[in-house]
Amino acid sequence: MAFNRPVTLHKMQQTSVNRAACVFLFPVILLLVVFIFYPILDTFSISRYSWNGISAARQYIGLSNWKNLIKDVNFWIAFKNNIVIVILSLAIQIPLGIVLAVFLDSGGKKLTIYKILWFIPMLMSSVAIGFLFTYVLSTNNGLVSAFSNWLTGKNVDLLGNPASALYTVIGVLCWQFTPFYMVYFVAAFSGIPEEVFEAAVIDGATRNQYFWRISLPMISPAVKTAAILSIVGSLKYFDLVYVMTGGGPGTSTELMATYMYKQSFKTFNMGYGAAVAGGMFILITMVSLITMELMKRKKES
């Protein structure tokens with residue numbers, strides 16, 4: 001003889017919570033599927049075709065685009081340039097962001113004006129910053145050339161010189177994005193209880209000792225997260241670099257994103273451009289996973 005199990009209040013509440021969760025999560029999941037997962041899958045699908053991106057006719061060529069991508073010297077040069085940006089961004093943005101955050105955290109509310117001024121680059125459009133620094137660094141009429149001409153009598157061509165173009169662009173990128181890490185680390189430092197600093201002072205710790213031995217280790221999770229954000233962001237830069245140099249001179253500032261754009265929308269080789277985008281996706285994912293695994297191992301050790 002079967003008996004119906006009584007429905008408890010806890011189960012009713014859990015069912016209600018699950019239904020509410022499904023209702024609120026559905027729009028987010030739908031947006032992720034439509035604007036992220038489907039485009040990724042469609043990119044790999046398009047990479048199997050020879051297609052100009054405009055006509056309806058597409059020729060199936062299998063893995064030919066991927067074979068050409070593996071042998072494409074320009075793509076690997078672009079990847080190398082991205083790696084250079086990753087390394088220098090980590091070496092500049094993270095330490096400088098920490099230094100600025102320490103300065104702001106130690107000054108309290110009287111330094112609020114510096115928070116506002118230093119965060120202004122982050123509020124500006126990357127395209128606007130690209131145009132701004134293109135004129136500032138112009139060989140003939142730029143401020144840098146004018147100052148160099150006043151000192152040495154010679155103009156300086158930072159963006160037109162293959163030896164200096166990439167490092168000049170990296171300097172502008174760091175100028176724009178360092179304020180993000182500054183604010184991120186200010187929030188991390190503000191999360192440290194005031195009692196910790198007071199206890200350190202009572203124990204006789206100096207400011208340097210407090211920073212290196214107490215506060216910096218306590219915000220290490222934030223530093224690791226910032227490093228991952230910096231790495232992923234550095235691997236997919238596009239707009240500012242494209243506006244400033246277009247990937248030139250030559251391939252000195254070519255990045256994976258700019259190379260993908262040129263293949264897709266300037267030479268109208270959409271199939272190969274999709275392969276470049278797919279390769280970019282794979283490399284960024286691999287670098288991110290390797291970085292997180294190394295950080296996880298370091299934490300466990």
Seminar exercise, completed: d(I219 CD1, I98 CD1) to nearest 0.5 Å is 5.0 Å
Exercise. Less than 6.0 Å separating the ring centroids of W175 and F133?
Worked result: yes
For this session: Mark yes or no for whether N82, through its side chain, and M256, through its backbone, hold a donor-acceptor pair below 3.5 Å.
Result: yes
For this session: Side-chain contact test, heavy atoms from C-beta onward, threshold under 4.5 Å: evaluate it for M270 versus S50 and give yes or no.
Result: no
For this session: Indicate yes or no: at least one non-hydrogen side-chain atom of M218 is less than 4.5 angstrom from one of V196.
Result: yes
For this session: Would you kindly confirm whether Y167 and V243 end up in one hydrophobic cluster when ILVMFWY residues are joined by side chain heavy atoms under 4.5 Å apart?
Result: no
Problem set entry | Where V287 and I231 come nearest, the two heavy atoms and their spacing | CG1-CG2, 3.7 Å
Problem set entry | Atom CG of L111: over 12 foreign heavy atoms under 6.0 Å | yes
Exercise. Checking side-chain hydrogen bond (donor to acceptor under 3.5 Å, both in side chains) for the pair D72/Y259: CA distance, chi angles, key distance, verdict?
Worked result: CA-CA 11 Å; D72 192 342; Y259 188 59; 2.4 Å; yes
Problem set entry | Validation row, ring centre F197 to ring centre F211 under 6.0 Å | no
Problem set entry | Co-membership, hydrophobic cluster, residues W118 and V99, 4.5 Å side-chain | no
For this session: Please report the shortest heavy-atom distance between G273 and S264, naming the atom on each side.
Result: CA-OG, 3.2 Å
For this session: Could you tell me which non-hydrogen atom of Y38 sits nearest to which non-hydrogen atom of V34, and how far apart they are?
Result: CB-O, 4.0 Å
Exercise. For the side chain of S252 and the backbone of P249, is there at least one donor-acceptor N/O pair under 3.5 Å apart?
Worked result: yes
Problem set entry | Minimal non-hydrogen separation, T134 against L159, with atom names | CA-CD1, 4.4 Å
For this session: Mark yes or no for whether N141, through its side chain, and V136, through its backbone, hold a donor-acceptor pair below 3.5 Å.
Result: no
Exercise. M295 and A227: which non-hydrogen atoms are nearest, and at how many Å?
Worked result: CE-CB, 3.6 Å
Exercise. With distance as the sole test, does S126 use its side chain to make a donor-acceptor pair with the main-chain N or O of L240 at under 3.5 Å?
Worked result: no
Problem set entry | W51-W66 co-clustered via ILVMFWY side chain contacts under 4.5 Å | no
For this session: Decide yes or no for L235 and I85: does some side-chain heavy atom of the first lie under 4.5 Å from some side-chain heavy atom of the second?
Result: no
Problem set entry | Any side-chain heavy-atom pair of R48 and I61 under 4.5 Å | no
For this session: Measure the shortest side-chain to side-chain distance between V223 and F185 over non-hydrogen atoms and say whether it is less than 4.5 angstrom.
Result: yes
Seminar exercise, completed: Value for OG1 (T285) from CE (M280), rounded to nearest 0.5 Å, stands at 10.5 Å
Exercise. Does the T258 side chain pair with the main chain of L255, one donor and one acceptor, at a distance under 3.5 Å?
Worked result: yes
Seminar exercise, completed: When rounded to the nearest 0.5 Å, the distance separating CG of N161 from CG of L166 is 11.5 Å
Seminar exercise, completed: Between V156 and S148 the two heavy atoms that sit nearest each other are CG1-CB, 3.9 Å
Exercise. Do L289 and M292 have side-chain heavy atoms sitting under 4.5 Å apart?
Worked result: yes
Exercise. For F238, which residues count as a ring pair (Phe, Tyr, Trp, His ring centres under 6.0 Å) partner, sequence neighbours excluded?
Worked result: Y242, Y261
For this session: Taking N65 for its side chain and Y49 for its backbone only, find out whether a donor-acceptor pair lies under 3.5 Å.
Result: yes
For this session: Might you confirm whether atom CZ of F119 has over 12 heavy atoms from other residues, nucleotides or ligands at distances under 6.0 Å?
Result: yes
Exercise. When you check the side-chain N and O atoms of D42 and S45, is any donor under 3.5 Å from an acceptor?
Worked result: no
Exercise. Quick one: does S145's side chain have a donor or acceptor within less than 3.5 Å of a partner on N155's backbone?
Worked result: no
Exercise. Taking the side chain from Y181 and the backbone from S230, do they hold a donor-acceptor pair closer than 3.5 Å?
Worked result: yes
For this session: Return the set of residues passing ring pair (Phe, Tyr, Trp, His ring centres under 6.0 Å) with F75 (not counting sequence neighbours), or none when no residue passes.
Result: none
Exercise. For F103, does the CZ atom have more than 12 heavy-atom neighbours from other residues, nucleotides or ligands under 6.0 Å away?
Worked result: yes
Problem set entry | Donor-acceptor contact present, side-chain N68 to main-chain S64, <3.5 Å | yes
For this session: First locate atom OG of S164, then atom CG of L158, and finally report the distance between them rounded to the nearest 0.5 Å.
Result: 5.0 Å
For this session: Could you tell me whether F44 atom CZ has more than 12 heavy atoms of other residues or ligands within 6.0 Å of it?
Result: yes
Problem set entry | Side-chain heavy-atom pair I120, L117 within 4.5 angstrom cut-off | yes
Exercise. When rounded to the nearest 0.5 angstrom, what distance separates CE in M122 from CD in Q176?
Worked result: 6.5 Å
Exercise. Looking at CG of L100 and OG1 of T178, how far apart are the two atoms once the value is rounded to the nearest 0.5 Å?
Worked result: 7.5 Å
For this session: Just grab all the salt bridge (Lys or Arg N to Asp or Glu O under 4.0 Å) pairs involving residues 239-265, residues at least two apart or on different chains.
Result: E254-K262
For this session: Could you tell me whether the side chain of S138 and the main chain of Y135 form a donor-acceptor pair under 3.5 Å?
Result: no
For this session: Flag yes if I54 and F265 sit in one hydrophobic cluster, no otherwise; membership is Ile, Leu, Val, Met, Phe, Trp, Tyr, and two members link when side-chain heavy atoms are under 4.5 Å apart.
Result: no
Exercise. Is there a path of hydrophobic side-chain contacts, each under 4.5 Å between heavy atoms of I, L, V, M, F, W or Y residues, that connects Y272 with I70?
Worked result: no
For this session: Given side-chain hydrogen bond (donor to acceptor under 3.5 Å, both in side chains), test T139 with D157 step by step and report yes or no.
Result: CA-CA 5 Å; T139 307; D157 188 9; 2.9 Å; yes
